[in-house]
Amino acid sequence: EDGKLKGRPVLGVVASQPGMGLLQPEFTGFEDRFQQALRILEKTFRLHFFSFDNRSDPWLAGLADSWGGDHSYTSFDMPRPDAIDAFIRSFGMVDAFVTTRFHGVLLSIMTGTPFLAIGAPGEKLHRECEAIRYPQFLSYGSSTDQFVKAAAEIWAERESLNQVLSDGARQRRRLGVRNFELLECELAFSERNGSRMIPKIAASIRNASSFRTLVVWA
């Protein structure tokens, strides 16, 4: 399989509007514009579709199933015993990433994978990019040409973006560790405040044996 410069670069793709109608309005026509962009981008990249949650990605799953060009598809399947490892292995074959999912941004930052974030202005993807001073963010409302140009740019500028991601990952790891420390503090001194949920979360993390925990920085 191609990936990590063994052949054509692999462009990971997760594109949906999971928060439309709740966190942000629906951006009408996004799917059509983005699909047109992928038809252009597949001339340069091998596409690898990802779904973090099939309940929120029905359009993406259907697109991956019907795509006529050379591509792969990975869906996170929670019941599988090796679901997390399998998903991470698939992500490891990606050379660049286009994501509308916050989880995709997190994985890209922590693995140093150049990415294009697409979302609603002012929402969490946009804020995360601003927090690490990452320049490649586009609104759902962008044009087909803008999607194509930005995806090409992240590949052409991958070396300079790698430094931004490296700096961002160090900062984010520190914040993740800090969150663990805060949870431990809450567990040890829960009687000093009115919070009861945080000590329960900390205890669950400490006692977990068969599950991994995603620590989100703040």
Side-chain angles (χ1 to χ4, degrees), residues 1-18 27 29-54 56-76 86-119 125-126 128-129 132 134-166 168-169:
E1 185 174 339
D2 293 337
K4 297 302 179 187
L5 304 183
K6 295 178 181 178
R8 273 192 301 162
V10 174
L11 182 67
V13 177
V14 53
S16 59
Q17 298 187 64
F27 286 77
F30 162 70
E31 289 82 2
D32 290 337
R33 295 191 301 275
F34 189 74
Q35 184 171 345
Q36 291 170 12
L38 291 180
R39 290 296 180 190
I40 298 171
L41 290 169
E42 72 172 346
K43 298 174 184 178
T44 304
F45 298 94
R46 184 174 186 271
L47 303 182
H48 190 138
F49 296 96
F50 286 84
S51 175
F52 287 86
D53 186 346
N54 282 338
S56 302
D57 300 331
W59 170 79
L60 180 61
L63 178 63
D65 288 340
S66 63
W67 196 264
D70 186 21
H71 71 286
S72 301
Y73 178 53
T74 297
S75 177
F76 183 69
F87 197 86
I88 292 174
R89 283 196 299 271
S90 293
F91 192 85
M93 296 303 297
V94 166
D95 298 301
F97 203 53
V98 177
T99 179
T100 63
R101 286 282 190 169
F102 187 61
H103 298 75
V105 170
L106 303 190
L107 281 172
S108 297
I109 293 173
M110 302 312 291
T111 59
T113 303
F115 69 94
L116 167 63
I118 301 173
L125 270 73
H126 193 191
E128 185 66 18
C129 289
I132 67 168
Y134 189 80
Q136 292 291 357
F137 171 86
L138 287 178
S139 166
Y140 282 122
S142 299
S143 68
T144 293
D145 288 344
Q146 287 174 313
F147 290 138
V148 171
K149 180 181 177 182
E153 283 178 353
I154 64 171
W155 183 241
E157 300 172 5
R158 58 191 181 277
E159 292 185 4
S160 60
L161 292 177
N162 183 66
Q163 185 59 53
V164 177
L165 293 173
S166 179

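Separation of atoms CD1 (Ile154) and CD (Glu157) is listed at 9.5 Å; rounding is to 0.5 Å. One distance of note links CG of Asn162 with CD of Glu159; it measures 8.5 Å at 0.5 Å rounding. Rounding to the nearest 0.5 Å gives a distance of 10.5 Å between OG of Ser166 and CD1 of Ile132. Distance check: His48 NE2 to Phe91 CZ gives 10.0 Å after rounding to the nearest 0.5 Å. The distance from the CG atom of Leu116 to the SG atom of Cys129 is 8.5 Å, given to the nearest 0.5 Å.
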side-chain contact (heavy atoms from CB on, under 4.5 Å) evaluation trace for Glu42 with Asp70: CA-CA 8 Å; Glu42 72 172 346; Asp70 186 21; over 6 Å; no
Verdict with reasoning, Val98 to Leu11, per side-chain contact (heavy atoms from CB on, under 4.5 Å): CA-CA 7 Å; Val98 177; Leu11 182 67; 3.8 Å; yes
Stepwise side-chain contact (heavy atoms from CB on, under 4.5 Å) test for Ile118 and Phe147: CA-CA 9 Å; Ile118 301 173; Phe147 290 138; 3.7 Å; yes
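Using modelled atom types, one finds a donor on one side chain and an acceptor on the other under 3.5 Å when comparing Arg46 with Ser72. Under the 3.5 Å distance criterion, with hydrogens and angles disregarded, a donor-acceptor pair is assigned to the side chains of Ser90 and Thr74.
Contact check for Val148 versus Leu41: side-chain heavy atoms found under the 4.5 Å cut-off. Glu153 has its side chain within reach of Gln136: a pair of non-hydrogen atoms, C-beta onward, lies under 4.5 Å apart. Side-chain contact between Arg101 and Val14 is present, with at least one heavy-atom pair separated by less than 4.5 Å. Annotation: side chain of Gln35 is not in contact with side chain of Phe30 (no heavy-atom distance under 4.5 Å).
Tyr140 places a side-chain N or O within 3.5 Å of a backbone atom of Ser16 that can act as its donor or acceptor partner. Side chain of Arg158 to main chain of Trp155: a donor-acceptor pair is present (N/O by atom type, distance under 3.5 Å, no hydrogens or angles). Under the 3.5 Å distance criterion, the side-chain polar atoms of Gln146 are matched with a main-chain donor or acceptor of Ser143. Side-chain atoms of Thr111 come within 3.5 Å of backbone atoms of Leu107 as a donor-acceptor pair (strictly under, hydrogens ignored). Looking only at distances, a side-chain donor or acceptor of Thr144 sits under 3.5 Å from a matching main-chain atom of Arg33. The backbone N or O of Leu138 lies less than 3.5 Å from no partner atom in the side chain of Ser142, so there is not a single donor-acceptor pair.
For Tyr73 and Phe50, the gap between ring centers reaches or exceeds 6.0 Å. The six-membered or imidazole ring of Phe97 lies away from that of Phe115, with a centre-to-centre distance of 6.0 Å or more. Taking the six-membered ring for Trp and the full ring otherwise, the centers of Phe87 and Phe52 sit less than 6.0 Å from each other.
Residues Arg8 and Phe45 share a closest heavy-atom pair of NH1-O, 3.3 Å. Across all their heavy atoms, Val94 and Gly12 have their closest contact at CG1-N, 3.7 Å. In terms of heavy atoms, Phe27 sits closest to Gly141 at CD2-N, 3.6 Å. Contact between Ala15 and Thr100 at its shortest, heavy atoms only, is CA-OG1, 3.5 Å. Across all non-hydrogen atoms, the minimal contact from Val105 to Ala117 is CG2-CB, 4.3 Å. For the residue pair Thr99 and Gly104, the shortest heavy atom distance occurs at OG1-CA, 3.6 Å.
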